[in-house]
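For reference, the structure is listed below as structure tokens.
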Amino acid sequence: MSSAPRPPGGGKSWLKLVILAVLIGGLIAFFALGGQRYVNLETLKANRDLLLQFTSQHYAAMLAIAFSTYAASTALSLPIGLILSLTCGFLFGRWVGTAVIVSGATLGACLVFLAARYLFADAARAKMGALAEKINQGFTQDAFNYLLFLRLVPLFPFWLVNLAPAFTSVSLRTYALATLVGIIPGSFVFANLGQSLARISSTKDLVSLEIVGAFVLLGLFALVPVALKKFRSRGAS
């Protein structure tokens with residue numbers, strides 16, 4: 001007796017549900033278990049000596065834990081990136097800390113990019129129709145420079161920049177490279193600040209107008225090739 005045929009796409013539907021459940025479940029679990037009460041500046045400063053001692057005794061293990069935690073928190077879009085960046089700088093110093101932040105954040109961003117593209121991209125493009133195609137063409141034509149601008153300028157939420165490109169045709173390679181390069185300056189700034197943890201009383205003390213201004217200038221510099229390209233194309237027409 002032959003089994004009934006499976007509906008087309010049934011396996012993919014289950015996989016999409018599993019991925020969606022993991023993403024939403026991880027976010028809900030973080031808040032339900034009081035994660036925001038444990039991952040904060042006060043807790044970090046209160047356990048300063050204990051963390052330093054444990055890191056000196058189990059350096060490789062702490063590197064692996066920090067990298068995995070940063071990647072997972074980025075993939076789940078948890079609002080703890082700033083504290084984790086300070087922690088990495090505090091535990092490993094500005095250079096190693098920056099490497100951990102950049103590698104972990106890039107991996108996490110790529111994971112959520114792939115998940116969002118797999119789960120929602122086709123449906124979103126179909127719903128938006130011609131508008132989506134027009135936006136897609138304009139963005140992907142200079143995807144690296146646009147992504148670099150979005151990564152360099154801290155005016156856009158990190159989780160939003162992780163998700164939005166998934167609805168375009170930008171390649172994973174371009175997305176990953178622009179993310180890797182674009183988050184280096186900010187990662188270094190916060191890893192460097194993490195070394196002076198004792199002098200930081202609030203996360204509000206971390207971002208000044210000078211720092212934001214510097215990132216904005218870097219972001220505008222990333223758009224120079226795009227502006228030159230458009231200028232030349234208009235001159236040639």
Side-chain angles (χ1 to χ4, degrees), residues 19 22-31 33-48 50-52 54-56 58-116 147-148 150-154 156-166 172 175-197 200 203 206-207 211 215:
I19 295 174
V22 170
L23 294 175
I24 296 178
L27 190 60
I28 292 175
F30 175 80
F31 289 103
L33 297 174
Q36 69 275 19
R37 296 199 304 268
Y38 301 105
V39 187
N40 55 55
L41 186 60
E42 291 71 26
T43 302
L44 178 58
K45 294 176 72 171
N47 294 276
R48 180 180 183 277
L50 182 62
L51 287 169
L52 285 174
F54 190 85
T55 300
S56 66
H58 309 281
Y59 192 80
M62 283 296 286
L63 279 175
I65 291 171
F67 169 79
S68 301
T69 302
Y70 212 114
S73 69
T74 303
L76 295 173
S77 301
L78 300 180
I80 56 175
L82 179 57
I83 297 300
L84 291 181
S85 296
L86 292 174
T87 304
C88 288
F90 164 62
L91 294 177
F92 308 114
R94 60 174 68 91
W95 300 111
V96 176
T98 298
V100 173
I101 296 167
V102 171
S103 58
T106 300
L107 175 59
C110 288
L111 290 175
V112 74
F113 169 83
L114 290 173
L147 280 170
L148 196 59
L150 292 173
R151 291 300 188 190
L152 286 169
V153 179
F156 309 95
F158 192 70
W159 62 267
L160 180 60
V161 182
N162 290 342
L163 289 172
L172 175 62
Y175 175 85
L177 183 59
T179 298
L180 178 70
V181 175
I183 65 176
I184 288 176
S187 299
F188 179 78
V189 167
F190 290 115
N192 191 49
L193 287 170
Q195 290 195 143
S196 57
L197 183 67
I200 300 173
T203 54
L206 299 175
V207 181
I211 291 177
F215 286 147

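All heavy atoms count here, side chains included; hydrogens, waters and symmetry mates do not.
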CG of Leu91 to CZ of Arg48: how many Å apart, nearest 0.5 Å? 10.0 Å
One pair to check against side chain to side chain contact (heavy atoms under 4.5 Å, CB included): Leu27 and Phe31. What are the steps and the verdict? CA-CA 7 Å; Leu27 190 60; Phe31 289 103; 3.9 Å; yes
Smallest separation among heavy atoms of Leu23 and Ala115, with atom names: CD1-CB, 4.0 Å
How many angstroms lie between CG in Leu148 and CG in Leu177, if you round to the nearest 0.5 Å? 9.0 Å
Looking at every heavy atom in both Gly26 and Leu78, which two are closest together, and how far apart are they? O-CD2, 4.4 Å
Can you tell me how far CG of Leu76 sits from CH2 of Trp159, rounded to the nearest 0.5 angstrom? 14.5 Å
Considering all heavy atoms of both residues, which atom of Ser187 and which atom of Thr98 are nearest to each other, and what is their separation? O-OG1, 3.9 Å
Is any side-chain heavy atom of Thr179 closer than 4.5 Å to a side-chain heavy atom of Cys110? no
With rounding to the nearest 0.5 angstrom, report the CZ to CD1 distance, Arg94 to Ile101. 12.5 Å
Would you say that Phe54 contacts Leu50 through its side chain, given a criterion of any heavy-atom pair below 4.5 Å between the two side chains? no
Judged by modelled atom types alone, do Ser85 and Tyr70 share a side-chain donor-acceptor pair under 3.5 Å? yes
Heavy-atom pair with the smallest gap, counting every atom of Val102 and Thr106: O-OG1, 2.6 Å
Return the CG to CG distance between Leu86 and Asn40, rounded to the nearest 0.5 Å. 11.5 Å
I need the Tyr175 OH to Asn162 CG distance, nearest 0.5 Å. 4.0 Å
Indicate the atoms forming the closest heavy-atom contact of Ala105 with Ile183, along with that distance. CB-CD1, 3.7 Å
What do the steps show when you test Thr74 against Leu84 for side chain to side chain contact (heavy atoms under 4.5 Å, CB included), and what is the final call? CA-CA 10 Å; Thr74 303; Leu84 291 181; over 6 Å; no
Looking at Val100, is its backbone amide N or carbonyl O close enough to the side chain of Ser103 to form a donor-acceptor pair, meaning the two atoms are under 3.5 Å apart? yes
Apply the test side chain to side chain contact (heavy atoms under 4.5 Å, CB included) to residues Leu51 and Leu44: give CA-CA distance (whole Å), side-chain angles for both, the deciding distance (0.1 Å), then the verdict. CA-CA 8 Å; Leu51 287 169; Leu44 178 58; 3.6 Å; yes
Which pair of non-hydrogen atoms, one from Thr55 and one from Met62, has the smallest distance, and what is that distance? OG1-CE, 3.5 Å
4.5 Å side-chain heavy-atom contact, Val96 and Leu63: yes
If only atom types and distance count, is the side chain of Asn192 paired as donor or acceptor with the main-chain N or O of Phe188 below 3.5 Å? no
Taking the side chain as every heavy atom from C-beta outward, state whether Ser73 and Phe30 have any atom pair closer than 4.5 Å. no
Tell me whether Arg151 forms a cation-pi arrangement with Phe158, defined as NZ or CZ under 6.0 Å from the six-membered ring centre and within 45 degrees of its axis. yes
Would you say that Leu107 contacts Phe67 through its side chain, given a criterion of any heavy-atom pair below 4.5 Å between the two side chains? yes
